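Small disclaimer: the values here were computed from a predicted structure and weren't measured. Excluded from the calculations below are hydrogen atoms, water molecules and symmetry mates; all remaining heavy atoms, backbone and side chain alike, are included.
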Amino acid sequence: MLQVPFIRANRERVIASLKTRNYPEDELNIVDEIIAVDDSRKSTQASLDELLAKNNQLSKSIGALYKEGKREEAEQMKSAVAALKDNTKNLQDQLQKAVNQLEELLLKVPNTVHPSVPNGNSDADNEVHQDWGKALPELGEDALPHWDLAKKYNLIDFELGVKISGSGFPLFRGQGSKLQRALINFFLDEAHEAGYEEIIPPLLVNEASARGTGQLPDKEGQMYHAEKDDFYLIPTAEVPITNMLRDVILEESDFPIKLTGHTPCFRREAGAYGKDVRGLNRVHQFDKVEIVEVAHPDKSYEVLDRMLSHVESLLQKLELPYRILRLCGGDIGFTSALTFDFEVYSAAQKKWLEVSSVSNFETFQSNRLKLRYRDADRKTHLAHTLNGSALALARIVAAILENNQSPEGIVIPKALQAYTKFEIIS
RNA sequence: GGUGAGGUGGGUGAGUGGCUUAAACCACCAGUUUGCUAAACUGGCGUACGGGAGACUGUACCGCGGGUUCGAAUCCCGCCCUCACCGCCA
């Protein structure tokens with residue numbers, strides 16, 4: 001959520017940002033609406049405060065009068081206070097209404113995008129920020145897509161997944177499981193090396209946490225909900241890990257906060273059925289290693305750069321062809337100010353697969369989380385939050401299988417061999 | 001699932017209707033003193049929304065939401081959460 005003072009001070013910028021995001025032209029006045037509602041909120045608050053102050057003062061005098069034994073005067077004053085009551089109630093209702101209305105409006109306003117975010121309508125308009133600098137691999141005509149390779153080498157059993165749960169729940173087995181586990185350990189070790197503290201968080205979270213990172217109320221349908229106990233299955237480790245810092249006031253010396261964690265991620269992806277759902281391209285459950293940082297506002301874009309380098313180094317070590325996209329206004333997430341997606345080329349499908357998304361949320365999340373820090377003057381400010389996948393497992397597996405297939409079998413990238421303890425799947 | 005106890009500031013913890021402006025202690029910050037460290041002393045020390053150039057100042061907040069009252073941390077109702085023990089259990 002944006003802060004109203006920010007909107008007041010940056011009215012033009014907020015409107016420009018909405019335009020970049022292709023916000024409906026006829027709803028751009030939401031910005032002025034917010035300012036107007038906040039104006040009335042303020043004046044109502046002021047009148048109410050004044051009335052309450054008077055009330056408090058009178059009540060105090062009544063107490064004093066009783067002590068002095070002046071009952072009659074006290075009784076008289078009581079009725080004076082009672083006369084103020086109706087008005088107090090009115091103002092309180094009015095204030096509540098304004099606050100609710102303000103909240104409702106604010107929930108509709110997405111984060112203000114970074115100036116570098118390009119215009120565009122869809123993922124087709126994302127800007128290639130960087131690529132791996134080499135030619136893309138070309139496989140022969142007989143190259144197999146990963147779902148066929150998985151079957152051939154008995155790595156993943158999609159049918160059993162369907163039997164046990166349903167479509168989108170792959171079952172890994174044998175060397176397939178080992179490859180998966182090797183990747184998780186590799187990613188966690190690399191994150192540790194880069195200074196991230198490892199977390200194993202709860203996988204079911206309460207409503208307050210889902211709200212804190214913004215999954216609720218806007219992305220309600222994306223999460224599995226265990227209704228009986230009112231828990232949500234996490235769609236990403238970002239949710240529990242970032243919520244570690246909910247309602248926290250940090251000292252400046254606590255920066256930088258760097259956390260990482262591996263978790264399964266659960267996504268309903270309702271209505272996402274279409275051409276890209278085969279194999280591991282889109283599943284309801286997958287594993288991911290996430291990196292989360294909380295940064296001083298002056299430093300958050302440096303942090304974002306370092307996170308990009310970290311993710312990039314993982315892909316380089318895995319020798320996978322990749323490119324980094326700067327998401328355009330039409331594709332960037334509601335809560336993000338600037339997002340870079342990493343895509344890996346899956347050479348048999350001849351498709352780019354998204355394997356990471358690295359974002360700076362600036363204060364958008366921390367406002368809802370109430371995650372603040374104290375500056376040298378002991379004043380509190382919202383901190384900046386960032387996160388990124390490092391990396392999402394299922395699709396990385398897909399790319400490794402396809403790109404590394406050979407007549408002898410699937411060659412394990414060198415960096416992973418210490419983890420898999422085998423060099424080839426055959 | 002059952003029974004009981006409890007939720008007060010960064011922590012411990014007092015507070016059963018107005019002498020609370022939430023005590024006291026610890027922690028923390030600044031200063032004084034002292035070769036250094038420590039100790040002692042003095043002062044400061046919550047969050048949010050307003051007003052004011054500022055010193056300041058108003059309001060709300062004692063788990064959350066209602067209610068009673070001129071006045072609620074305190075009384076009443078509902079909810080949430082935590083802890084302990086029992087049962088079940090990896």
Side-chain angles (χ1 to χ4, degrees), chain A residues 1-9 34-106 200 202-212 216 225-232 240 243-255 257 264 294 363 365-383:
Chain A
M1 239 176 357
L2 292 177
Q3 299 177 99
V4 178
F6 173 86
I7 295 176
R8 284 179 181 278
I34 286 170
I35 293 172
V37 172
D38 190 53
D39 281 340
S40 88
R41 193 212 98 232
K42 272 195 206 178
S43 68
T44 308
Q45 176 84 261
S47 324
L48 179 61
D49 283 359
E50 205 180 316
L51 204 55
L52 288 173
K54 208 179 285 177
N55 221 321
N56 288 342
Q57 217 171 353
L58 287 174
S59 293
K60 213 169 274 181
S61 323
I62 291 172
L65 287 174
Y66 271 121
K67 213 139 290 159
E68 294 168 28
K70 298 178 180 168
R71 293 196 85 89
E72 237 159 85
E73 278 179 60
E75 292 300 328
Q76 246 171 5
M77 212 173 260
K78 271 193 197 180
S79 50
V81 179
L84 298 176
K85 262 215 139 170
D86 271 356
N87 218 351
T88 310
K89 187 94 184 98
N90 269 342
L91 285 171
Q92 263 161 352
D93 290 348
Q94 212 176 313
L95 180 65
Q96 193 57 53
K97 227 182 262 178
V99 168
N100 291 345
Q101 199 182 350
L102 193 59
E103 165 96 7
E104 206 175 297
L105 289 170
L106 285 170
I200 300 179
L203 306 181
L204 278 70
V205 298
N206 58 28
E207 188 186 322
S209 294
R211 223 162 259 289
L216 292 178
H225 185 196
E227 286 183 31
K228 196 159 186 180
D229 299 292
D230 206 13
F231 285 130
Y232 292 88
N243 271 285
M244 289 165 66
L245 295 148
R246 172 152 48 90
D247 293 321
V248 166
I249 301 179
L250 299 163
E251 295 299 327
E252 270 184 319
S253 57
D254 293 330
F255 292 125
I257 291 182
V294 180
T363 59
Q365 266 187 344
S366 56
N367 189 28
R368 222 181 281 194
L369 287 164
K370 298 206 169 44
L371 166 52
R372 291 157 293 178
Y373 70 94
R374 238 184 270 281
D375 68 13
D377 297 328
R378 311 302 292 161
K379 287 231 185 335
T380 59
H381 307 276
L382 294 174

Side-chain touch A/Ile34/A/Leu102, heavy atoms, less than 4.5 angstrom:
yes
With the side chain counted from C-beta on, respond yes when A/Gln96 and A/Asp93 share a heavy-atom pair under 4.5 Å apart, and no when they do not.
no
Rounded to the nearest Å, what distance is computed from the NZ atom of residue A/Lys42 to the P atom of nucleotide B/rG58?
20 Å
Integer-rounded Å distance: B/rA60 C1' and A/Leu91 CG
15 Å
Working for side chain to side chain contact (heavy atoms under 4.5 Å, CB included), residues A/Leu204 and A/Asp229
CA-CA 10 Å; A/Leu204 278 70; A/Asp229 299 292; over 6 Å; no
Paired with B/rC62: which nucleotide, if any, by Watson-Crick or G-U wobble criteria at under 3.5 Å for both distances?
none
Heavy-atom check, side chain of A/Leu52 versus side chain of A/Leu91, under 4.5 Å
no
Counterpart base for B/rA14, defined by Watson-Crick or G-U wobble contacts under 3.5 Å:
none
Pair A/Thr88-A/Leu48, side chain to side chain contact (heavy atoms under 4.5 Å, CB included): steps then yes or no:
CA-CA 7 Å; A/Thr88 310; A/Leu48 179 61; 4.0 Å; yes
In Watson-Crick or G-U wobble terms, both distances under 3.5 Å, what is the partner of B/rG31?
B/rC41
Taking a pair to mean Watson-Crick or G-U wobble geometry with both distances below 3.5 Å, B/rA22 pairs with none
Go through B/rA60, B/rC70, B/rG67 for me and flag the one nearest to the A/Lys78 side chain.
B/rC70
I need the CD-P distance between A/Glu50 and B/rU59, as an integer number of Å.
11 Å
Can you measure A/Arg41 atom CZ to B/rG50 atom C1' for me and round it to whole angstrom units?
8 Å
Whichever of A/Asn56 and A/Val81 has the more 5' nearest nucleotide on RNA chain B, that residue is A/Asn56
Side chains of A/Leu382 and A/Gln3: closer than 4.5 Å at any heavy-atom pair?
yes
If you take all heavy atoms of A/Asn243 and A/Arg246, which pair is closest and at what distance?
OD1-NE, 2.8 Å
Which nucleotide, B/rA60, B/rG50, B/rG67, lies nearest any side-chain atom of A/Lys89?
B/rG67
Spacing of the C1' atoms in B/rG43 and B/rG7 (rounded, Å)
33 Å
Given that both distances must come in under 3.5 Å, which nucleotide forms a Watson-Crick or G-U wobble pair with B/rU68?
none
How many whole angstroms separate atom CG of A/Leu52 from atom C1' of B/rG51?
16 Å
So do A/Arg8 and A/Asp39 actually touch side chain to side chain, heavy atoms under 4.5 Å?
yes
Interface polar pairs with nucleotides 45-48 of chain B, N/O, under 3.5 angstrom:
unit_1, atom_1, unit_2, atom_2, d
B/rU47, OP1, A/Arg374, NH1, 2.5
B/rU47, O3', A/Arg372, NH1, 3.0
B/rA48, OP1, A/Arg372, NH1, 3.2
B/rA48, OP1, A/Thr380, OG1, 2.7

Paired with B/rA55 by Watson-Crick or G-U wobble geometry, both distances under 3.5 Å: which nucleotide is it?
none
Quickly work out the A/Asn55 CG to B/rG71 C1' distance and round it to whole Å.
9 Å
Comparing A/Lys85 and A/Ala46 on RNA chain B - which has the more 5′ nearest nucleotide:
A/Ala46
Would you mind reading off the distance between A/Leu48 atom CG and B/rA60 atom C1', rounded to a whole angstrom?
9 Å
Are more than 12 heavy atoms from other residues, nucleotides or ligands located less than 6.0 Å from atom CD of A/Gln57?
no
Can you tell me, in whole Å, how much space there is between the C1' of B/rU20 and that of B/rU3?
37 Å
How long is the span from the CD1 atom in A/Ile257 to the CG atom in A/Leu371, to the nearest 0.5 Å?
7.0 Å
Do the non-hydrogen side-chain atoms of A/Phe255 and A/Leu250 ever get within less than 4.5 Å of each other?
yes
Do A/Gln101 and A/Lys97 come within less than 4.5 Å of each other through their side chains, counting heavy atoms only?
no
Under a 4.5 Å cut-off applied to non-hydrogen side-chain atoms, are A/Ile62 and A/Val81 in contact?
yes
Partner of B/rA5 by Watson-Crick or G-U wobble geometry, both contacts under 3.5 Å, or none?
B/rU82
Please measure how far the P atom in B/rA84 lies from the corresponding atom in B/rC19, and state the result in whole Å.
38 Å
Pairing nucleotide - B/rC88, Watson-Crick or G-U, each distance under 3.5 Å
none
Output a table of nitrogen or oxygen pairs between the protein and nucleotides 18-23 of chain B separated by less than 3.5 Å.
unit_1, atom_1, unit_2, atom_2, d
B/rG18, O2', A/Lys67, NZ, 3.0
B/rG18, N2, A/Ser59, O, 2.6

Would you mind reading off the distance between A/Glu75 atom CD and B/rC70 atom C1', rounded to a whole angstrom?
9 Å
Grab the N/O contacts between the protein and nucleotides 61-64 of chain B below 3.5 Å, and write none if there aren't any.
none

